[in-house]
Structures are given as structure tokens and as C-alpha cells.
Protein chains: 4
Amino acid sequence: MHAPRFLETVMQEGENKPRRSIGARRNPETEEAILNAAQEVLQEAGYAGFSIEAVARRARAGKPTIYRWWRGKGDLLLEVYRRSKGNFRFPDTGDLAEDLTLFVGKLLGHWRTNRSGQIFRSILAEAQHDEITAEAVADYFVDRRDYVAGMAERAQRRGELAPDIDPKLVAELAVSFAWNRLFTHRCEIGEDELRAIMRIIVHGAAAKSAAIPSSPARR
Amino acid sequence: MHAPRFLETVMQEGENKPRRSIGARRNPETEEAILNAAQEVLQEAGYAGFSIEAVARRARAGKPTIYRWWRGKGDLLLEVYRRSKGNFRFPDTGDLAEDLTLFVGKLLGHWRTNRSGQIFRSILAEAQHDEITAEAVADYFVDRRDYVAGMAERAQRRGELAPDIDPKLVAELAVSFAWNRLFTHRCEIGEDELRAIMRIIVHGAAAKSAAIPSSPARR
Amino acid sequence: MHAPRFLETVMQEGENKPRRSIGARRNPETEEAILNAAQEVLQEAGYAGFSIEAVARRARAGKPTIYRWWRGKGDLLLEVYRRSKGNFRFPDTGDLAEDLTLFVGKLLGHWRTNRSGQIFRSILAEAQHDEITAEAVADYFVDRRDYVAGMAERAQRRGELAPDIDPKLVAELAVSFAWNRLFTHRCEIGEDELRAIMRIIVHGAAAKSAAIPSSPARR
Amino acid sequence: MHAPRFLETVMQEGENKPRRSIGARRNPETEEAILNAAQEVLQEAGYAGFSIEAVARRARAGKPTIYRWWRGKGDLLLEVYRRSKGNFRFPDTGDLAEDLTLFVGKLLGHWRTNRSGQIFRSILAEAQHDEITAEAVADYFVDRRDYVAGMAERAQRRGELAPDIDPKLVAELAVSFAWNRLFTHRCEIGEDELRAIMRIIVHGAAAKSAAIPSSPARR
DNA sequence: GGCTAACCGAGACGGTACGTCGTGTCTTCCC
DNA sequence: GGGAAGACACGACGTACCGTCTCGGTTAGCC
């Protein structure tokens, strides 16, 4: 009748002796242990099973220790995510549609395989009722969009995109698509389909080599 | 993170006598009362304060009555949302970009002004840790995308879109954009910017009046 | 602590069509079905699993039908017990200690094997907080005691018991012992031990063939 | 059958501020408050109205706090009972029949006057559908029987009882008698009648001053 | 032979309690 | 003063059963 605790309490794998205070300052070992535990809990039990209690149990830490350094779930999640995201560098193939296909494909793939999607999805969820997380997410969106906008800008400079197009808009469409796939749990996608979508975006913003009215009819 | 309780128990406003069973069938009065209560709780206390208990208290209903008809929080939220959004009928202007601008603009506006944005955001959050809601949201996304895909299909039939384009892809881009704006708390948007984005989508899928190579190799 | 439900819904074994009303009077079939169901539920799931709901499910009867004819759990239990108890007749061996050993042994054995002990234990439990059941139990105790007192009286008439002994007291000791064993879940007992106990009772009440001071010291 | 609620929420009488944790160990104030609340609820609303919820409300304690220290209703009831019964010390009068008369008389009297009879009855009822309580009651029975068996043993040592008699049997008869009186709601008893019964038990186990065949065949 | 009355099944309803989980705060003891 | 530990009040979770109610359908007895 008791709770299923068997996931967290098992596998301390290394240390059996609890960490102690190292004096009147933050113990980096403890911080590390908590962040690791948070990540593991998230990956194994998902956002639904992600609780301060579970993290504390797993990290062999006291709850007050967590609350001392983080303001709550959202705060902790954000730091976990920041730690976990690798910094992809993407090659410039000279073709924006290919660049985007590569980028979004890699992103979805990463979310699919590493269960890191779980982490990010949790943050998005948290952001829906936590002001701090919400701001962080909005900022992060802009950051990612602007990163992609950089690709688009380069494409624009080499003439792939029409000069009057804001590269940010192109970027937003691509990033929105990816994020949406994530939180509607539809990260599976074929490369062909993905390329088709990215092409729509790029073509829609493309420089016209012939006289194509940018909109058929001005209403 | 805990919810304020002082809001629900006050305000019975009308009836004090509890509703009774009306036989071996669902009581529409009860259903109505529960949905109303759910909406009110959500608006007053937000997603954080939204609990089945609070709804039951407010509706003067038994918890089992709620669980009899809805599978949980997410299910209830979804129905509240469906009830709250009016059923817009969108005119067919003959120009898909305009149709989409109108549609997405109305949608974002609706989320901005009414509290329905909050409701839907709550659903999205719920979907991240509740399987049932997740499925419902995925279904709902497909439903909305297909509704928009209908517009795109009509445009395709009248020659606005290239015949080899899947209208669903066009629709997904538009809907993803809107949803993303919602859950990144960026529902504010100028009409011009919105139109520019919708045009990128539509033009990207547009029938070419001439053979324009938009990507180096058509595989 | 809650009862398993998987037992009742299975096995309707015979009738699938529900019984109908036979007019403005009690349907004996229904009564029979409810009492049978009550007994079965009690035997299979014990007092813990005995609920009006379970009985109604099992009997394919409506709850109000049960409440129409019985005032509640205790009422129903009592009728079930009255129906179920066989009327043992015990031979008169000419030796009261043997008679009692036989009687109590049979009783404990019956409770042990038939699970009818379950039923009686449930009634005893119910009697602790239900006035009506309590009275019925008290009456029933007197009834059983007096039945045993009958044996003792015969023994007294043939000179086995001292003439100044109230046979009821002898009977109460024997019956108390048995009932107590039941509700402390200690119905298992060896025949030798049982005989030893019954002998204590009988000897204690026996006619003295020699001058034995009935109590060593009159304080 | 439902319990009245209007009793517990009223009457906070003293403290309004909830007790706090006093560190990583049991708070004796809390324990005290819970036991008191349990006793009060039982006395005011009876076993039917005795619920963990009611106790928690009354004690201004969290339900989990109760479940942390007691395994359930029965466990709590048992401790309340143990607390409520004083620890009588019984004089050794040198006459076992008198000792038992005194003991059982005191016991029945205690059950009659204090509400402790009701408490103990509740425990017995609980034991019929709760495994944990059942074990506890069985243990408690053995404990009480052995306490009485101690008296009998002393009597045996001084020659009052036959050497081949198990004092436990004598004790069981006496305790069974008392318990049975309790749960058949027949605690009223005259001292003479009680003494007569105890004498039967003691005489039945008494050392015979001569070889007196009291039953045809000594096995 | 239609009307009424009561029965019966079904199951919804407002409730209360169950036993578990997580929250964020607290205190104590050890370093 | 940091950190582990865990108790504490609180409140939500989802389920079970309570006893009452209304329904639709049935049958019997009365007018």
C-alpha cells in the first residue's frame, strides 16, 4: 500500500555516506548531486514524477537545502535544462532550406532520443503557470529564433531571401514548428516531410528571380 | 504555489439546495453547474488553484460525480475550453493569405482578450504530464490543423496553391505559429506582421506561374 | 483496507435477464436472490467487503429494493445468519463434559470450515455500533446459553452437577469460551485442550462425592 | 448511519495556531493532541462517527501525520484504550476465586462506568474487518489472559490448583467470560453471581484433597 | 378495460471517508 | 552557518460506499 519509491532509493551507486556541510558556504558537491538527481528523475519518471521530494530523495539531500538555493520546481528545471543543452554548431550548406531541415531535424531527433525533450517539455509546462519560468521561456524562444534568424540573414545576404523579408519571421516559423511538434508529442517526422515544410517557409520568403507579384491581389 | 481557498466557498449566489438525481441518467443541470464552476475557478484562481476539489466545492457537487463524467482535470479543462470558444465561421475571401491572417488574428485576439487563452494554456500544461490530456491535445491539434487545411484545400482547388503541396503542411505551419505565440506568452501582434508571416507560408506553397527553381535540385 | 471488487461481477451463472416486478407486492425471487447474494459476498469477501452495493451488484438488484425491505447492513446480516444456521441436535452421552466438548468442538469446527464463522463474526461486529443488531445478539446469546443450559440441567438431574449450581452459569462459561475464540480468531483448538477446559467447567460445578470445602477459606 | 459533523469543527477551545514540527523527531504535543482528539470523537460521536478525518480535524493535525504513527483506525483505537484504562494492581488475597472476582468485577465495572467499554467494543468491532487490529486484539487477549494466568500460577504454587492444570486455561475462561459480557452488552452483574461463576472455574481446576473421580474416565 | 399503486432494475446524485502524495516551513543535530 | 533528516499542517488526488432520489417499465387489483 506504500508508495513506489523503488526508483529513487535504489542506485546511489557511489557514495553511501551523506555529504556534510563544508562550512558557511554553498557545497558544490551538493549542488551537483541535486542537479544530477533532478535530471535523472525527469528522464526516468517524466514531468509527472518530478517533485522536489523525489529529487531530494534521489540526491540524498534535505528538502530545505533545495529550497535554499532554488525557488521551486521551475527554477530547478531551468538550471537543469541550461546544463543539459549542448551547443550545436550548424554548417552553412549554402542552401537555407537544407540548413533548416538539418537544424530542425537534429533538434527533433535530439528531443526524441535523449529524452531531453522531456526536460524541455516540462519547462514549457511549468511556464504556463509560473511567471519566472514563463519569462525565461519567452527569452529563450527569442534567443533560439534569433540564432536561426542568423542563418536566414546569411541566406538573405547571398540573395536567397527577398530583401524586404524580415529573417526573424522565417526563423519564427521554423522554430514554432519544432516546438509545437514537441509539446504535441509529435516529434516523429520523416526527413522528406520535414524538408517539404522547410521549403515552404524558405520559398515563401525567397527572392523572386522572375516577376512574381508578392501577393496576388491587394484586397 | 498553493491556491487560495477563500474564493470558492463564498458566492453561492443563487441556489442553496443541492441538486438531486433525476433518475438513471445524466443531470444536465449538474453538468452545467460543474462546467461553470470549473470556468470560474480557473478564471479566479488560475491553473495553480484549479483542482477537482475546488470545482466540486464550487459546483456543490460530489467529486465522484465529476469523475463519473470526466476522466480528470485535463478532460474537464478541455470541455471548458471547447465551451468557451465560440464557433467562428470564417469567410472565404478568395485569398488564402487573407483567410489565414483573419483566422490566426481572431484566434490570438480571442486568447488575448477573453481568459480563454489561460484556459488553453492550462490544457497545454496539463498535457505535459497527463497522458489522457496529451492525447486529447494531439487530437485537438489535428482537428484544428485539418480545419485550416480545409481552407488551404479550397485555395488549392482554385489554383492558389501548387498541386503537389499537402495542404496539411501549410495548415500546420499556421496553427503551430499561433499556438507557439500562446504558450510563449507572445499573443500581442500587429496585423501587418501577422499578414507578412501568413504570406510567407502561402507564397511558399503557391503555384508558380513559371518554372522557378527555388532550390538547387528538385530531388 | 478496501474490499476487492473482482469477485462479485463475475459469475451470474444462470439468469441474465433481470427480475421484474410482479405487481404491487414483494417479489420472493428478489428477496431470495438478495439473501443469497449477501451470504455469498460475506463468505467470499468477508465483512470488510460486505456492502449494500456489493450485494446489490451480485444479486442484480437495485439498491432501493434492498433498502425497501431491510433497514441496513445489520438487518440484512441477521436474516442471512438466521437462514444459514443449521439446528444441530446433540446426543446425550451421559457425561456433561463430553457433551460440551462435542458441542463446542462442533461449533468451532463449523465456524472454521464453513466460513459461517465469518457471518457470525460480522454480526458481532455490527452489534457493536448498531442498536438493533446488539439486541438481537444479546437475545441470541441467551438463546444459545439456554440451549446449553438444558444439557447442564439434565446432567444436574442425574447427579452430575451439584444441586445448588445454576446450570445457566455453567452454560455461559462454555458458550463464552466458544464465542470468544471466534472473535479473537482463535477457532483452531485441539480436542484434548478443549476437553480439558470443558472438564474444568464441569468439575467446578460437579456434585462432591466427598467432603470438599467449596472454597478453601471463607474470607 | 452517517456521522454528525457539527461536533468536531466547533470547540477549538484553546489553541488556534497549528503545532509545528520540532525537528526530525516525533512531536509529543502532536501525539497527545491526536490521542485526545480520538478519545473525544469516540465519546461524542461513537464508533460510527469515529474516522481518521474527524480525528485529524479535531486535533488540527494532518492525516498523514496520523498515518505516520498509527497504521489505521484500529491501531489508534488500541492506543486510546490502553491510555484510558488505568493500570490496576490487584492484591493477592490468597484465594484465587476472590482474586478473579475482584479482577473481573473491576473490569466490568470499569467498562460500565467509563466510556472505555465503548472504546474497547469499537476495537473488537474493528478487529472483525481489519487484519491489523485483529492481530493486535489477539495479542492483547493473550496478554490479558497471561496476566490472569499469573494469578492462577501463584495459586497453583500455593496448592490451590491441581499441579497438572494449565493456569492459562483457567485464565482464558475468566477473561472470555468478561469479554463476552462486554460485547453482548451484558456488563451488569451482581457480585454474588460473579463470585459463583469464578468459583466454578477455580473449583474445576482445584487440587483435590483426595482422589475424587469427577469424570468416569481420567484419560 | 383503463387507472392506480407499488414493485423492480438501474444508476445518478451530494456526501463523507479512505489512504497516499507532494508542498513549503520548521527544528534539531552534526559538521 | 551549511547540510541531512524528517516531522508537521495542509490540501489535492482518485476510489468506495452511503442512503436518497427519479426514472421507465411491469404487473396486479380496483373501479
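We use all heavy atoms of the structure for the numbers below, so side chains are in, but hydrogens, waters and symmetry mates are not. Sequence lines set the chain letters: A, B, ... in the order given, protein chains first and strands last, and positions in each chain run from 1.
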Exercise for the section: Look at all strands and tell whether D:A56 reaches a base, only sugar-phosphate, or nothing, counting heavy atoms closer than 4.0 Å. Expected result: nothing

Practice task
In whole angstrom, give the distance that lies between atom NE2 of D:H129 and atom P of E:dA17.
Solution key: 15 Å

Practice task
Give the nucleotide from the list F:dG19, F:dT26, E:dC18 with an atom nearest to the side chain of D:K73.
Solution key: E:dC18

Problem - Which residues share a side chain to side chain contact (heavy atoms under 4.5 Å, CB included) with D:T65, sequence neighbours left out - result: D:T30, D:I34, D:R68, D:W69

Exercise for the section: Let me know the distance between CZ of C:R58 and C1' of E:dA10, rounded to the nearest Å. Expected result: 19 Å

Practice task
Before giving the answer on salt bridge (Lys or Arg N to Asp or Glu O under 4.0 Å), spell out for D:R58 and D:E44 the whole-Å C-alpha distance, their side-chain angles and the decisive distance to 0.1 Å.
Solution key: CA-CA 12 Å; D:R58 179 110 192 189; D:E44 290 170 15; 2.9 Å; yes

Handout entry: Between P of E:dT28 and CZ of D:R20, the distance in whole Å
Key = 14 Å

Check nucleotides 5-7 of chain E against the protein and report each pair of N or O atoms closer than 3.5 Å, with its distance, or say if there are none.
from	atom 1	to	atom 2	distance (Å)
E:dC7	O4'	C:G23	O	3.0
E:dC7	O3'	C:R25	O	3.2
E:dC7	O2	C:S21	OG	2.8

Handout entry: Nearest-angstrom distance from the residue atom CD1 of C:I66 to P of F:dC17
Key = 13 Å

Fill in the blank from the handout: From CD1 of D:I34 across to C1' of F:dC10 the rounded distance in Å is 14 Å

Completion exercise
All heavy atoms of B:L76 vs all of B:V55, minimum pair found to be CD2-CG1, 4.2 Å

Practice task
Report yes if at least one side-chain N or O of A:T30 is closer than 4.0 Å to OP1 or OP2 of F:dA4; otherwise report no.
Solution key: yes

Practice task
Enumerate the residue pairs fulfilling salt bridge (Lys or Arg N to Asp or Glu O under 4.0 Å) with a member in residues 21-30 of chain D, sequence neighbours excluded, ordered by first and then second residue.
Solution key: D:R26-D:E31

Practice task
With the side chain of B:P64 defined as its heavy atoms from C-beta on, choose the nearest nucleotide among F:dA4, F:dC17, F:dT20.
Solution key: F:dC17

Exercise for the section: Whole angstrom is fine here: how far is it from OH in D:Y47 over to C1' in E:dA17? Expected result: 13 Å

Exercise for the section: Take the protein atom CD1 of D:I52 and the nucleotide atom P of E:dG19, then report the distance between them rounded to whole Å. Expected result: 7 Å

Problem - N or O in side chain of A:R60 less than 4.0 angstrom from F:dA5 OP1/OP2 - result: yes

Problem - Base F:dG14 to side chain B:K63, donor-acceptor N/O within 3.5 Å cut-off - result: yes

Exercise for the section: Please figure out whether A:R71 or C:G62 has its closest DNA chain E nucleotide nearer the 5' end. Expected result: C:G62

Problem - SB check B:E32 B:R19 (cutoff 4.0 Å) - result: no

Problem - Most 5' of A:A48 and C:E53 on DNA chain E, judged by nearest nucleotide - result: C:E53

Problem - Short side-chain N/O contact from D:R19 to OP1 or OP2 of F:dA9, under 4.0 Å - result: yes

Exercise for the section: Kindly determine whether A:E53 and A:K63 satisfy salt bridge (Lys or Arg N to Asp or Glu O under 4.0 Å), including the steps that lead there. Expected result: CA-CA 7 Å; A:E53 293 242 350; A:K63 272 200 292 176; 3.0 Å; yes

Fill in the blank from the handout: When B:L124, B:D130, B:I132 are each screened for side chain to side chain contact (heavy atoms under 4.5 Å, CB included) with B:V137, the one that passes is B:L124

Problem - Rounded distance in Å - CD (B:E29) to P (F:dT22) - result: 13 Å

Completion exercise
Contacts of B:D130 and D:A59 projected onto DNA chain F by closest heavy atom; the upstream (5') one is D:A59

Problem - Step-by-step salt bridge (Lys or Arg N to Asp or Glu O under 4.0 Å) determination, D:E131 to D:R71 - result: CA-CA 11 Å; D:E131 198 53 48; D:R71 278 170 305 176; over 6 Å; no

Practice task
For the side chain of A:S51, starting at C-beta, report the closest nucleotide among E:dG22, F:dC18, E:dT20.
Solution key: E:dG22

